[in-house]
*Asks:* 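Handing you a structure now.
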Amino acid sequence: MMKGSSHRLPQGGRIDRSRPLSFTLDGERITGFAGDTLASAMLAHGVALVGRSFKYHRPRGLMAAGIEEPNGLLTLGEGGRREPNIPSTMTDLVEGLVARRQNGWPSIEFDLRAVNSLAAPLLTAGFYYKTFMGPRRGSWMVYEPHIRKAAGLGEGSYVPDPDRYETRHDFADVLVVGAGPAGLAAALAAGRSGARVLLVEQDSEIGGSLLSEPAESAGAPWLAQRKAELEALPNVRILTRTTAFGLYDGNTVALLERRDHLSPDPKKGEARQVTVTLRARAIVFATGAIERPLVFANNDRPGVMLASAARSYLNRYAVAAGRRAIVATNNDSAYRAAFDLAANGLAVTIADLRGEIDESLQAAAAKHGIELRAGTGILDVAGGKTVTGARLGPVGRADAGELRSCDLVCVSGGWSPSVHLTSHGGIKPVYRDEIAAFVPGGFAKGQFGAGAVLGSFGLAVAIREGAEAGAQAADHAGHGTGARAVPSPAIEGADRYAVAPQWPSLSAAKGKAFVDFQNDVTVKDIVQAHQEGYQSVEHLKRYTTLGMGTDQGKTANINALAIMAGLRDVSIPEAGTTTFRPPYSPVALGAIAGRSVGHHFRPVRLSPLHDWHLANGGAMTPAGPWLRAWYYDWAGKDAAAAYVKEMDLVRHGVGIADVSTLGKIDVQGPDAAEFLNRLYVNGFAKLPVGKARYGVMLNDDGLVLDDGTTTRLSDTRFFMTTTTAQAGEVMSWVEFLLQTAWPELKVHVASLTDEWAAMAVSGPKARQALALAFPGQDVGDNRLPYMGALEFTHDGAPVRLIRLSFSGELAYEVYTPADNGIALWEHILKAGQPLGIKPYGLEALASLRIEKGHVAGLELDHRTSLDDLGLGRMAGKEKDYVGKALRFRPLLQAPERWSLVGIECLEPDKRLRGGSILFLKEDKIEGHGRGYITSVTWSNELNKYIALGLFSGGLRHEGAEILCAYPVKNEQVRARIVSPHFIDPKGERLYA
């Protein structure tokens, strides 16, 4: 770091010198001013080295002053606010900002990984593909962790982000993207018509190129007048620090509004960033253009920057990037940068690749004391962590040239219109030879363009086009054309532009010549890609990683296309362009999610008993869209201990669980029984009133959709329950069938999931508990046998009592309207208190069903058939049902197809894990094995870990020893295949 070497000019710029701001860079405190960016403040302090390159760890300095910056990416913030790879050029300087340079070890100044440059011949295009695919098939699994550790630039944080983000929707009659001269004129013309106008600008100020003009130029008063007029129009809004990052159908634009400069406080509900989904009747694209670099040996040295960037730092931020400058160009625009640098005391030499130079430019250069060399380019740059000189001479002659001392090299290879947004809708850009650049290939209805994005690089023509486009957009939005006239300021040299491109030379100059600075892609990489057959620009991009960094190749693409076109001996338009896709610049995931994180990710559903659980020691856990009681603190302070104790309660006493999340569907109508008979694989047509039946339904493809119980309440009314996970899908499915497959059936269905609370009372003492709770009802085995149902009223509220079991014990499900849920729950708890009744949670509920061998969501994953689950015998042989035809496909009946098995652990000191891959003992442990574990638990009854799983050949392997491999933790556990019914296989407890 260059200390005490200030490059700040004593006066000038758009900074506020009355407001000094301090920040830290790598722990060192530095001072800047309000109006600075982090980049300009570093440059003013003499920081030339801003980071190390991605692959070779070469020293890198600032190259640009805007969003196109490929090198000056820093890590900002600390703790949960630490965020890597943020362009310092787009970061407003604020008091207390904490920044760190990236990708150097042990430091940026002394980076041992720079040794990678010595291995450059090995790190060329396709390096990973060629090096890490062998020697054996699984070798990549060995290499990958090390490669991923070495890859990237900055390091993120694993600490939760404490900031808040927002998303919102907005509307405008006319959206103007870009607040340069063309955009300002468009917003004025549209605003004067009365249209609702939104002007968005990614910079912190409006003005675009005018912000880089000297303070004494005519641009300053013109900009102030236009800004005042816009702010006076009540129908015009201006959003600065807002990037339009995506264009979508229907004139929908995604905007990212950054509020980091405000130090928003999340405790006050203030958002750090806001993503806006904007719908506009018309859009004006005034997105400007990006200057492109020249390609020559060592063109990445710190101190080599775009001419427009040097001019911006000079005039906008009052920072001279050097003392002795060489300006290399092939066009007129760089001369204005050279003149401004010379006017501020720099010694300047212009190396113009063009052999013939306009006489007015020659005269202006002489007037400013600038040495002008025609037909000359930069062949190489000398230096290490800073530029110390440049070799000038005829391009293509590596052995020629003169080494000139300098500390700043400004380059300009022309300008590339920012066609990214205009291409997001699928309209390809087209190439214009006279400006050597791509421009939009057209616009969709209601979209217009103006200024540099159309290749109109003169100031006056850009303002004229902007006013015309704004008027047309307002007219399209239904507001007439309004007053179009917007005057143009008289700025010397602002209306001229001519370029004579000389694309990168393929000569054997010494030193690397970089095309993509962020991903370290050189000319030789592109040549190699061509030689190896990656000649399509899309293939070139992926093979070399060109344009795949955070800058998305904004400064690299056109040079790369030109090189490939030359190698293929075709024109640049014939070579084509890569596909532009959103986002235009990186967007934080937090900004896309907004408030939709944690419990706000999607609507959270709460059981009618939720408040009781919270008040009585229930630990809640997400279960799909629901929050359910996981376990209760009476049984322990963590789930691992608590659920085992809760299982014991149910197996030997009585417990009560909240099962209100089960799907509940009311089925009514004269054809209700027939409907259910077709829906379920087993028969429901003759189900007696007052009886329940377990049923399974299939999809059209013959695979299991869901299971559950359905109770017949009367001849024409049924009460169906579904699993929690499939409640919504089953409801949609039955409505679909009634509306399309069987519209002749007289049946009506309605969801009752939220209308009824439900609780399971389970255990050997369950009947006694219910007898105490409902003394007026006969709940004995004669009146209420297994799968029997009762309806009655208790304390004025209806109650449905159905005897069925999910745990394998004597059990009942009790239903009551949701408003009465807590009252009935507390009543049963109080009545059963002498029996020791207590609540049990979801973890114990799931573990109990595993011991019984009851399938649930982890087994019903839309990939299993009736026969896979051992339920094939329950399907009706004579009747028809949904999925019957495809159920008998040969592959679904294959003997080696996986089917449900039980698994018991054979190693007492180890545990089984869900998702483990299953192998027979004699198998080689590789690949996908013969199946996997779906559900696992510790069994109190068996004093070991047990599991349910799907295994090829199923119970034909009963008794066989298997290995359960869990690669995530590099574990292998011995186990045995057994019946999935671990307890009470004859149902003696169930029918007690």
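The basis for the numbers below is simple: all heavy atoms, side chains too, and nothing from hydrogens, waters or symmetry mates. These figures come from a predicted structure and were not determined experimentally.
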*Asks:* Can a donor-acceptor pair be found between the side chains of S418 and T287 at a distance below 3.5 Å?
*Replies:*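 Not at all, the side chains of S418 and T287 share no donor-acceptor pair under 3.5 Å.
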*Asks:* Checking side-chain polar atoms at under 3.5 Å, does T240 have a donor or acceptor matched by the opposite partner on E201?
*Replies:*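 Distance-only check fails for T240 and E201.
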*Asks:* Sequence neighbours excluded, which residues qualify as ring-ring contact (aromatic ring centres under 6.0 Å, His included) partners of Y431?
*Replies:*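 Partners of Y431 under the ring-ring contact (aromatic ring centres under 6.0 Å, His included) test: F438.
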*Asks:* Which is it for L9 and L314 under the side chain to side chain contact (heavy atoms under 4.5 Å, CB included) test, yes or no, and what are the steps along the way?
*Replies:* CA-CA 8 Å; L9 299 179; L314 184 78; 3.8 Å; yes
*Asks:* List in chain and number order the residues that pass salt bridge (Lys or Arg N to Asp or Glu O under 4.0 Å) with E213, two or more places apart in sequence or in another chain; answer none if no residue qualifies.
*Replies:*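 If we apply the salt bridge (Lys or Arg N to Asp or Glu O under 4.0 Å) test to E213, skipping adjacent residues, the hits are R311, R336.
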*Asks:* Would you confirm whether H476, through its side chain, and A282, through its main-chain N or O, come within 3.5 Å as a donor-acceptor pair?
*Replies:*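 Absent.
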*Asks:* With side chains defined as the heavy atoms from C-beta onward, is the minimum distance between L188 and R226 less than 4.5 Å?
*Replies:*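 Yes; the side chains approach each other to less than 4.5 Å.
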*Asks:* For the pair K554 (side chain) and G547 (backbone), establish whether a donor and an acceptor sit closer than 3.5 Å, ignoring hydrogens and angles.
*Replies:*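 Pair absent, no side-chain N/O of K554 close to backbone of G547.
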*Asks:* What I'd like to find out is whether the side chain of Q202 reaches to under 4.5 Å of the side chain of I67, using heavy atoms alone.
*Replies:*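 A side-chain contact exists here, since the closest heavy-atom pair is under 4.5 Å.
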*Asks:* Looking only at non-hydrogen atoms, find the nearest pair between I378 and A390 and report the distance.
*Replies:*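 Heavy atoms only, the tightest pair is CG2-CB, 4.3 Å.
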*Asks:* Are the side chains of L421 and F245 in touch, meaning some heavy atoms are under 4.5 Å apart?
*Replies:*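 L421 vs F245: side chains apart.
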*Asks:* Please check: side-chain N/O of S217 versus main-chain N/O of A215, any donor-acceptor pairing under 3.5 Å?
*Replies:*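 Answer holds: no.
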*Asks:* Contact between N315 and D340 at the side-chain level, heavy atoms closer than 4.5 Å - yes or no?
*Replies:*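 The answer is yes, as the side chains (C-beta and beyond) meet within the 4.5 Å cut-off.
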*Asks:* So do the side chains of L93 and T37 get within less than 4.5 Å of each other, counting heavy atoms only?
*Replies:*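 L93 vs T37: side chains apart.
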*Asks:* Do T555 and R292 have side-chain N/O donor and acceptor atoms under 3.5 Å apart?
*Replies:*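 Short answer, no.
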*Asks:* Out of L372, I350, I370, which one pairs with Q362 under the side-chain contact (heavy atoms from CB on, under 4.5 Å) rule?
*Replies:*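 The residue from L372, I350, I370 that satisfies side-chain contact (heavy atoms from CB on, under 4.5 Å) with Q362 turns out to be L372.
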*Asks:* Do you see a donor-acceptor pair shorter than 3.5 Å between the side chains of R241 and H261?
*Replies:*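 Their side chains do contain a donor-acceptor pair, which is all the 3.5 Å distance test asks for.
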*Asks:* For this output row, return yes or no: ring centroids of F457 and Y497 closer than 6.0 angstrom.
*Replies:*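 Here the rings of Y497 and F457 have centres that are less than 6.0 Å from each other.
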*Asks:* Under 4.0 Å between a side-chain nitrogen and a carboxylate oxygen: does that hold for D358 and R496?
*Replies:*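 Here D358 pairs with R496 in a salt bridge, since their nearest N and O are under 4.0 Å apart.
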*Asks:* Applying side chain to side chain donor-acceptor pair (under 3.5 Å) as the test, list every pair that has at least one member in residues 433-446; sequence neighbours left out.
*Replies:*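 For residues 433-446: R432-E434.
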*Asks:* Sequence neighbours left out, what pairs pass side chain to side chain donor-acceptor pair (under 3.5 Å) with at least one residue falling in residues 458-473?
*Replies:*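 Output for this query lists S456-E465.
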*Asks:* Does atom CZ of R17 have more than 12 heavy-atom neighbours from other groups under 6.0 Å away?
*Replies:*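 Counting other residues, nucleotides and ligands, CZ of R17 exceeds 12 neighbours.
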*Asks:* With side chains defined as the heavy atoms from C-beta onward, is the minimum distance between E229 and V486 less than 4.5 Å?
*Replies:*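 No, their side chains stay 4.5 Å or more apart.
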*Asks:* Can you confirm whether E371 is buried at CD, in the sense that more than 12 heavy atoms of other residues, nucleotides or ligands lie under 6.0 Å from that atom?
*Replies:*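 Counting neighbours around CD of E371, more than 12 heavy atoms of other residues, nucleotides or ligands fall under 6.0 Å, so yes.
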*Asks:* Quick one, D36 with R14, criterion salt bridge (Lys or Arg N to Asp or Glu O under 4.0 Å). Give me CA distance, side-chain angles, the key distance, then yes/no.
*Replies:* CA-CA 9 Å; D36 264 324; R14 302 179 65 87; over 6 Å; no
*Asks:* Do L198 and L239 have side chains that get closer than 4.5 Å, going by heavy atoms?
*Replies:*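 Result yes, sub-4.5 Å side-chain heavy-atom pair found.
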*Asks:* Test your reading of the model: is there a side-chain donor-acceptor pair from W222 to the backbone of L210, 3.5 Å cut-off?
*Replies:*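 Absent.
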*Asks:* Tell me which pairs pass salt bridge (Lys or Arg N to Asp or Glu O under 4.0 Å) where either residue lies in residues 344-355, with sequence neighbours left out.
*Replies:*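 Only D332-R354, D352-R354 qualify under salt bridge (Lys or Arg N to Asp or Glu O under 4.0 Å).
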*Asks:* Listed by chain and number, what are the side-chain hydrogen bond (donor to acceptor under 3.5 Å, both in side chains) partners of T550, not counting sequence neighbours?
*Replies:*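 Once residues adjacent in sequence are excluded, the partners of T550 under the side-chain hydrogen bond (donor to acceptor under 3.5 Å, both in side chains) criterion are Q518.
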*Asks:* Using only atom types and a distance under 3.5 Å, with no angle test, would you say the side chain of S88 pairs donor to acceptor with the backbone of G72?
*Replies:*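 Looks like yes, one N/O pair under 3.5 Å.
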*Asks:* Does any donor atom in the side chain of S412 or N331 lie under 3.5 Å from an acceptor atom in the other side chain?
*Replies:*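 There is such a pair (donor and acceptor under 3.5 Å, judged by atom type) between the side chains of S412 and N331.
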*Asks:* Are side-chain heavy atoms of R316 and L211 found at a separation under 4.5 Å?
*Replies:*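 Answer yes - side chains close enough.
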